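Here the structure comes first, spelled out in structure tokens, and everything after it is commentary.
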Amino acid sequence: NAGVTQTPKFRVLKTGQSMTLLCAQDMNHEYMYWYRQDPGMGLRLIHYSVGEGTTAKGEVPDGYNVSRLKKQNFLLGLESAAPSQTSVYFCASSVQGVSTNEKLFFGSGTQLSVL
Amino acid sequence: QKEVEQDPGPLSVPEGAIVSLNCTYSNSAFQYFMWYRQYSRKGPELLMYTYSSGNKEDGRFTAQVDKSSKYISLFIRDSQPSDSATYLCAMRVSGGYQKVTFGIGTKLQVIP
């Protein structure tokens, strides 16, 4: 019962460094999402994908890029990390939006600190 | 002003108490309402899902939606220490499948 798996779980970066967060799901879901969660701000959508090879911007996309080369994987990249990107990052997935069952399946998160 | 307002707490209650968690919102177009539970250092998990106004019950949990007041509630009966978590309300408009707006979450602690 893996569900949504995120790697790494923790990471510390210096300002200007780059990194990629990996999300993998084994539920054959079409939709995948990247959120960030900050104190007092709640969960905010960064980017999302409605299928393999497609991506779209969410609420706070600046400074991030994503790729969905395989249906089961959704990568979030930071090209030049900034302290403002210190956050907890969550990946989520859901079935294609036909049903009204609005269930997002979340991973356990990645704690990222940018110094 | 945020679209969704939620008191962050923390809220501490004794075991067995009835807990009431609430959110208010400003966007009258919201049609789908959800409650997620998030344990410490874990991702949120869906607890309750309701469409439009009304009540929905699932075991010890009851979700209420009052669209006329733009107010949603989650009630937990006979609260248990295992209910200690952060509860996030979430909502979206019809057709806006990708855009779910979350509250900041209310931290609940149930004292044995």
Side-chain angles (χ1 to χ4, degrees), chain A residues 1-6 9-10 21 23 25 29-51 54-61 66 68 74 87-111, chain B residues 1-10 21-27 30-54 56 58 63 65 72 85-107:
Chain A
N1 292 350
V4 179
T5 303
Q6 291 182 232
K9 295 190 184 303
F10 303 94
L21 281 67
C23 177
Q25 53 94 3
H29 285 170
E30 289 291 337
Y31 287 64
M32 296 187 75
Y33 314 79
W34 276 107
Y35 286 89
R36 59 179 289 174
Q37 187 175 38
D38 302 289
M41 299 295 291
L43 282 160
R44 292 181 291 168
L45 183 64
I46 305 171
H47 286 280
Y48 65 96
S49 168
V50 300
T54 72
T55 63
K57 294 180 179 180
E59 186 182 354
V60 287
V66 288
R68 183 103 181 265
F74 196 27
S87 186
V88 180
Y89 291 86
F90 287 100
C91 177
S93 70
S94 65
V95 298
Q96 192 167 1
V98 175
S99 165
T100 56
N101 184 1
E102 192 71 33
K103 187 170 184 176
L104 289 168
F105 291 80
F106 283 87
S108 294
T110 295
Q111 174 71 59
Chain B
Q1 183 188 3
K2 294 180 180 178
E3 275 192 300
V4 178
E5 298 281 356
Q6 185 174 12
D7 188 330
L21 304 167
N22 312 293
C23 287
T24 59
Y25 62 94
S26 57
N27 188 348
F30 284 139
Q31 293 280 359
Y32 298 91
F33 303 90
M34 296 143 277
W35 287 94
Y36 281 81
R37 178 175 61 195
Q38 184 175 20
Y39 291 113
S40 180
R41 300 187 183 278
K42 298 291 185 183
E45 55 179 341
L46 184 67
L47 195 59
M48 298 287 284
Y49 173 90
T50 54
Y51 170 71
S52 196
S53 287
K56 185 173 183 179
D58 184 2
V65 176
I72 70 170
T86 297
Y87 291 81
L88 311 171
C89 63
M91 48 199 79
R92 72 166 180 89
V93 302
S94 177
Y97 187 81
Q98 296 80 18
K99 179 72 167 78
V100 177
T101 302
F102 287 86
I104 62 174
T106 299
K107 188 171 184 178

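Values below: every heavy atom of this structure, side chains too, minus hydrogens, waters and symmetry copies. On a predicted model such as this, the values are computed, not experimentally measured, just so you know. To find a chain, count down the sequence lines: A is the first, B the second, and so on, and within it residues start at 1.
- Residue A:Phe10 touches chain B through its side chain alone, counting heavy-atom pairs closer than 4.5 Å.
- More than 12 non-hydrogen atoms from other residues, nucleotides or ligands lie less than 6.0 angstrom from NZ of B:Lys2.
- A:Arg44 contributes atom CZ, which lies 12.5 Å from atom OG1 of B:Thr101 (distance to the nearest 0.5 angstrom).
- Both the backbone and the side chain of B:Pro44 have a heavy atom closer than 4.5 Å to some heavy atom of chain A.
- Using a 4.5 Å cut-off between heavy atoms, A:Gln6 makes no contact with chain B at all.
- For A:Gln111, no part sits under 4.5 Å from any heavy atom of chain B, backbone or side chain.
- From A:Phe106, atom CZ reaches atom OH of B:Tyr36 across 5.5 Å, with rounding to the nearest 0.5 Å.
- Of the listed residues A:Lys9, A:Met41, A:Gln37, the one with more heavy-atom pairs under 4.5 angstrom with chain B than any other is A:Gln37.
- Of the atoms belonging to B:Gln38, it is side-chain heavy atoms, and not backbone ones, that fall under 4.5 Å from chain A.
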